[in-house]
Amino acid sequence: FGFVPEETWMAGLLPLSRGIDALNTWIGRWAAWAILAAILISAANAIIRKVFGVSSNAWLEAQWYLFGAVFMLCAPWTLLMNEHIRIDIVSSRLSERARNLVEIFGLLFFLFPFAAVLTYLSWPFFYSSYLSGESSSSPGGLLIWPAKALILVGFALLLLQWLSELIKRVAIMAGLIEDEHAMVGHHAAAEAEVERLLADDQSKPASTTDR
(Lines give C-alpha, C1' and ligand atoms only; values in the text may rest on other atoms or scores of the structure.)
Protein backbone atom coordinates (compact mmCIF):
# COMPACT_ATOMS: atom_id res chain seq x y z
CA PHE A 1 0.00 0.00 0.00
CA GLY A 2 2.92 2.25 0.92
CA PHE A 3 1.00 5.52 1.19
CA VAL A 4 -0.21 6.75 4.58
CA PRO A 5 -2.45 9.86 4.45
CA GLU A 6 -1.65 12.89 6.60
CA GLU A 7 -2.92 12.54 10.16
CA THR A 8 -5.04 15.67 9.89
CA TRP A 9 -6.72 14.40 6.73
CA MET A 10 -7.48 11.03 8.30
CA ALA A 11 -8.70 12.66 11.49
CA GLY A 12 -11.23 14.55 9.40
CA LEU A 13 -12.55 11.32 7.90
CA LEU A 14 -12.88 9.41 11.17
CA PRO A 15 -16.05 11.31 12.24
CA LEU A 16 -17.60 10.29 8.90
CA SER A 17 -16.68 6.68 9.64
CA ARG A 18 -18.20 6.88 13.12
CA GLY A 19 -21.38 8.37 11.66
CA ILE A 20 -21.69 5.54 9.13
CA ASP A 21 -21.08 2.98 11.88
CA ALA A 22 -23.76 4.55 14.07
CA LEU A 23 -26.25 4.59 11.18
CA ASN A 24 -25.73 0.95 10.21
CA THR A 25 -25.75 -0.15 13.85
CA TRP A 26 -29.09 1.59 14.42
CA ILE A 27 -30.61 0.18 11.22
CA GLY A 28 -29.23 -3.30 11.87
CA ARG A 29 -30.58 -3.49 15.40
CA TRP A 30 -34.04 -2.44 14.32
CA ALA A 31 -34.02 -4.70 11.25
CA ALA A 32 -33.11 -7.67 13.44
CA TRP A 33 -36.57 -7.43 15.01
CA ALA A 34 -37.95 -8.55 11.66
CA ILE A 35 -36.84 -12.06 12.62
CA LEU A 36 -39.31 -12.04 15.52
CA ALA A 37 -42.01 -10.58 13.28
CA ALA A 38 -41.44 -13.33 10.70
CA ILE A 39 -41.67 -16.00 13.40
CA LEU A 40 -44.93 -14.58 14.76
CA ILE A 41 -46.46 -14.30 11.29
CA SER A 42 -45.39 -17.83 10.42
CA ALA A 43 -46.85 -19.20 13.66
CA ALA A 44 -50.11 -17.25 13.27
CA ASN A 45 -50.47 -18.34 9.66
CA ALA A 46 -49.93 -21.99 10.59
CA ILE A 47 -52.44 -21.84 13.44
CA ILE A 48 -55.11 -20.13 11.33
CA ARG A 49 -54.58 -22.60 8.51
CA LYS A 50 -54.88 -25.60 10.84
CA VAL A 51 -57.79 -24.29 12.91
CA PHE A 52 -59.87 -22.45 10.32
CA GLY A 53 -58.58 -24.03 7.12
CA VAL A 54 -57.78 -20.67 5.51
CA SER A 55 -54.55 -18.98 4.52
CA SER A 56 -53.32 -16.04 2.50
CA ASN A 57 -50.49 -15.52 0.06
CA ALA A 58 -49.93 -12.12 1.67
CA TRP A 59 -48.96 -13.84 4.94
CA LEU A 60 -46.56 -16.12 3.11
CA GLU A 61 -44.97 -13.32 1.12
CA ALA A 62 -44.68 -11.12 4.21
CA GLN A 63 -42.40 -13.75 5.70
CA TRP A 64 -39.88 -13.60 2.86
CA TYR A 65 -40.18 -9.79 2.81
CA LEU A 66 -39.10 -9.78 6.46
CA PHE A 67 -36.34 -12.32 5.81
CA GLY A 68 -35.09 -10.14 2.95
CA ALA A 69 -35.12 -7.10 5.23
CA VAL A 70 -32.98 -8.90 7.80
CA PHE A 71 -30.55 -10.20 5.18
CA MET A 72 -30.10 -6.90 3.35
CA LEU A 73 -30.29 -4.37 6.17
CA CYS A 74 -28.20 -6.35 8.68
CA ALA A 75 -25.38 -7.14 6.24
CA PRO A 76 -23.58 -3.78 6.78
CA TRP A 77 -23.93 -4.20 10.56
CA THR A 78 -22.47 -7.71 10.25
CA LEU A 79 -19.47 -6.31 8.37
CA LEU A 80 -19.05 -3.60 11.01
CA MET A 81 -19.04 -6.17 13.82
CA ASN A 82 -16.56 -8.39 11.93
CA GLU A 83 -19.01 -11.30 12.06
CA HIS A 84 -19.02 -12.07 8.35
CA ILE A 85 -17.73 -15.45 7.19
CA ARG A 86 -14.06 -15.38 6.32
CA ILE A 87 -11.16 -17.79 5.85
CA ASP A 88 -8.27 -17.11 8.21
CA ILE A 89 -5.97 -20.01 7.33
CA VAL A 90 -3.45 -17.65 5.72
CA SER A 91 -4.10 -14.32 7.47
CA SER A 92 -3.76 -15.84 10.93
CA ARG A 93 -0.11 -16.58 10.08
CA LEU A 94 0.69 -13.08 8.83
CA SER A 95 2.02 -10.09 10.70
CA GLU A 96 -0.37 -7.34 11.80
CA ARG A 97 0.79 -5.04 9.00
CA ALA A 98 0.41 -7.78 6.39
CA ARG A 99 -3.11 -8.54 7.65
CA ASN A 100 -4.03 -4.88 7.36
CA LEU A 101 -2.71 -4.79 3.80
CA VAL A 102 -4.75 -7.90 2.96
CA GLU A 103 -7.84 -6.24 4.47
CA ILE A 104 -7.33 -3.09 2.39
CA PHE A 105 -6.73 -5.14 -0.76
CA GLY A 106 -9.95 -7.07 -0.17
CA LEU A 107 -11.91 -3.89 0.51
CA LEU A 108 -10.65 -2.17 -2.62
CA PHE A 109 -10.66 -5.02 -5.14
CA PHE A 110 -13.44 -7.30 -3.89
CA LEU A 111 -15.99 -5.59 -1.67
CA PHE A 112 -16.02 -2.23 -3.43
CA PRO A 113 -16.66 -3.55 -6.97
CA PHE A 114 -19.29 -5.96 -5.63
CA ALA A 115 -21.19 -3.35 -3.60
CA ALA A 116 -20.82 -0.57 -6.18
CA VAL A 117 -21.98 -2.61 -9.16
CA LEU A 118 -24.96 -4.09 -7.33
CA THR A 119 -25.99 -0.69 -5.96
CA TYR A 120 -25.84 0.71 -9.48
CA LEU A 121 -27.84 -2.18 -10.96
CA SER A 122 -30.38 -2.20 -8.13
CA TRP A 123 -31.62 1.30 -8.93
CA PRO A 124 -33.26 0.58 -12.34
CA PHE A 125 -34.37 -2.81 -10.97
CA PHE A 126 -36.29 -1.01 -8.21
CA TYR A 127 -37.35 2.09 -10.13
CA SER A 128 -39.02 0.28 -13.03
CA SER A 129 -40.89 -1.89 -10.53
CA TYR A 130 -42.00 1.19 -8.59
CA LEU A 131 -43.22 3.04 -11.69
CA SER A 132 -45.27 0.07 -12.87
CA GLY A 133 -46.67 -0.64 -9.41
CA GLU A 134 -45.44 -4.22 -9.73
CA SER A 135 -47.23 -6.65 -7.48
CA SER A 136 -47.16 -10.37 -6.88
CA SER A 137 -48.67 -12.66 -9.50
CA SER A 138 -50.14 -14.78 -6.70
CA PRO A 139 -53.77 -14.02 -5.71
CA GLY A 140 -53.83 -11.73 -2.71
CA GLY A 141 -50.08 -11.20 -2.91
CA LEU A 142 -48.15 -8.09 -1.92
CA LEU A 143 -46.50 -5.34 -3.90
CA ILE A 144 -43.08 -6.29 -5.25
CA TRP A 145 -41.34 -2.93 -5.43
CA PRO A 146 -40.85 -2.53 -1.63
CA ALA A 147 -38.88 -5.79 -1.63
CA LYS A 148 -36.75 -4.51 -4.51
CA ALA A 149 -36.24 -1.27 -2.59
CA LEU A 150 -34.72 -3.31 0.24
CA ILE A 151 -32.11 -4.63 -2.21
CA LEU A 152 -31.18 -1.11 -3.29
CA VAL A 153 -31.02 0.25 0.27
CA GLY A 154 -29.11 -2.77 1.54
CA PHE A 155 -26.34 -2.52 -1.04
CA ALA A 156 -26.15 1.25 -0.66
CA LEU A 157 -25.65 0.84 3.09
CA LEU A 158 -23.05 -1.86 2.44
CA LEU A 159 -21.20 0.56 0.16
CA LEU A 160 -21.23 3.15 2.94
CA GLN A 161 -19.90 0.58 5.39
CA TRP A 162 -17.16 -0.28 2.92
CA LEU A 163 -16.05 3.35 3.03
CA SER A 164 -16.10 3.33 6.83
CA GLU A 165 -14.06 0.12 7.02
CA LEU A 166 -11.48 1.48 4.57
CA ILE A 167 -11.12 4.70 6.57
CA LYS A 168 -10.67 2.76 9.81
CA ARG A 169 -8.19 0.32 8.32
CA VAL A 170 -5.96 3.11 6.97
CA ALA A 171 -6.26 4.93 10.31
CA ILE A 172 -5.18 1.76 12.11
CA MET A 173 -2.11 1.48 9.92
CA ALA A 174 -1.35 5.15 10.57
CA GLY A 175 -1.54 4.51 14.31
CA LEU A 176 -4.47 6.89 14.81
CA ILE A 177 -6.88 4.33 16.27
CA GLU A 178 -6.66 0.85 17.70
CA ASP A 179 -7.98 -2.22 15.93
CA GLU A 180 -11.16 -3.22 17.76
CA HIS A 181 -11.10 -6.59 16.01
CA ALA A 182 -7.43 -7.41 16.47
CA MET A 183 -8.31 -11.05 17.19
CA VAL A 184 -7.92 -12.94 13.94
CA GLY A 185 -11.09 -14.76 12.99
CA HIS A 186 -13.51 -17.00 14.84
CA HIS A 187 -10.99 -19.79 15.28
CA ALA A 188 -8.63 -17.56 17.23
CA ALA A 189 -11.54 -16.14 19.19
CA ALA A 190 -12.61 -19.67 20.13
CA GLU A 191 -9.07 -20.52 21.23
CA ALA A 192 -8.97 -17.38 23.36
CA GLU A 193 -12.27 -18.29 24.98
CA VAL A 194 -10.99 -21.78 25.80
CA GLU A 195 -7.87 -20.30 27.37
CA ARG A 196 -10.01 -17.92 29.43
CA LEU A 197 -12.21 -20.76 30.70
CA LEU A 198 -9.17 -22.85 31.60
CA ALA A 199 -7.64 -19.93 33.46
CA ASP A 200 -10.89 -19.37 35.36
CA ASP A 201 -11.09 -23.04 36.22
CA GLN A 202 -7.53 -23.09 37.53
CA SER A 203 -8.14 -20.00 39.65
CA LYS A 204 -11.05 -21.64 41.48
CA PRO A 205 -10.24 -23.36 44.80
CA ALA A 206 -10.22 -27.13 44.61
CA SER A 207 -13.46 -28.62 45.90
CA THR A 208 -13.40 -31.34 48.55
CA THR A 209 -15.32 -34.53 48.08
CA ASP A 210 -16.58 -36.91 50.73
CA ARG A 211 -14.90 -40.26 50.80
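Heads up: numbering here begins at 1 and tracks the sequence. All figures in this text were calculated on a predicted structure; none of them were measured in a lab.
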Filter on salt bridge (charged side-chain N to carboxylate O under 4.0 Å, His left out), then keep only pairs touching [range], sequence neighbours left out; what's left?
| range | answer |
| --- | --- |
| residues 113-129 | none |
| residues 155-172 | Asp21-Lys168, Glu165-Lys168, Arg169-Asp179 |
| residues 116-133 | none |
| residues 120-138 | Glu134-Lys148 |

Considering residues at least two apart in sequence or located in another chain, which fulfil the side-chain contact (heavy atoms from CB on, under 4.5 Å) criterion with [X]?
| X | value |
| --- | --- |
| Leu159 | Phe112, Ala115, Ala116, Thr119, Trp162 |
| Ser138 | Asn57, Glu61, Ser136 |
| Phe105 | Phe109, Phe110 |
| Ser128 | none |

Suppose the criterion is side chain to side chain donor-acceptor pair (under 3.5 Å): which pairs have a residue in residues 103-116, not counting sequence neighbours? Arg86-Glu103
Any side-chain heavy-atom pair of [X] and [Y] under 4.5 Å:
| X | Y | result |
| --- | --- | --- |
| Leu152 | Met72 | no |
| Leu166 | Leu111 | no |
| Ser129 | Phe126 | no |
| Leu60 | Ile41 | no |
| Leu157 | Ile20 | no |
| Phe67 | Val70 | no |
| Leu131 | Trp145 | no |

How far apart are the closest heavy atoms of [X] and [Y], and which atoms are they?
| X | Y | answer |
| --- | --- | --- |
| Ser56 | Asn45 | N-OD1, 4.3 Å |
| Ser135 | Ile144 | C-CG1, 3.4 Å |
| Pro76 | Gln161 | O-CG, 3.5 Å |

Who else is in Val54's hydrophobic cluster (ILVMFWY, side-chain heavy atoms under 4.5 Å, direct or via others)? Ile47, Ile48, Val51, Phe52
Using 0.5 Å steps for rounding, measure from the [atom1] atom of [X] to the [atom2] atom of [Y].
| X | Y | atom1 | atom2 | answer |
| --- | --- | --- | --- | --- |
| Ile177 | Ile167 | CD1 | CD1 | 9.5 Å |
| Leu158 | Cys74 | CG | SG | 12.5 Å |
| Leu14 | Leu176 | CG | CG | 6.5 Å |
| Leu66 | Leu40 | CG | CG | 10.0 Å |
| Ser164 | Asn24 | OG | CG | 8.0 Å |

Below 6.0 angstrom between ring centroids: does that apply to Tyr120 and Phe155? no
Assign the ring pair Tyr130 / Tyr127 to parallel, tilted or perpendicular, where the plane angle (0 to 90°) is split at 30° and 60°. parallel
Do [X] and [Y] share a hydrophobic cluster, counting only Ile, Leu, Val, Met, Phe, Trp and Tyr and linking them when any side-chain heavy atoms are less than 4.5 Å apart?
| X | Y | answer |
| --- | --- | --- |
| Leu73 | Leu163 | yes |
| Leu16 | Leu108 | yes |
| Phe125 | Phe71 | yes |
| Val170 | Leu80 | no |
| Leu23 | Leu150 | yes |

Qualifying residues under side-chain hydrogen bond (donor to acceptor under 3.5 Å, both in side chains), relative to Thr25, sequence neighbours excluded: none
Report, one line per pair, each donor and acceptor closer than 3.5 Å where one atom sits in a side chain of residues 27-38; sequence neighbours left out.
none

Arg49 (side chain) donor-acceptor with Ser55 (main chain) under 3.5 angstrom: no
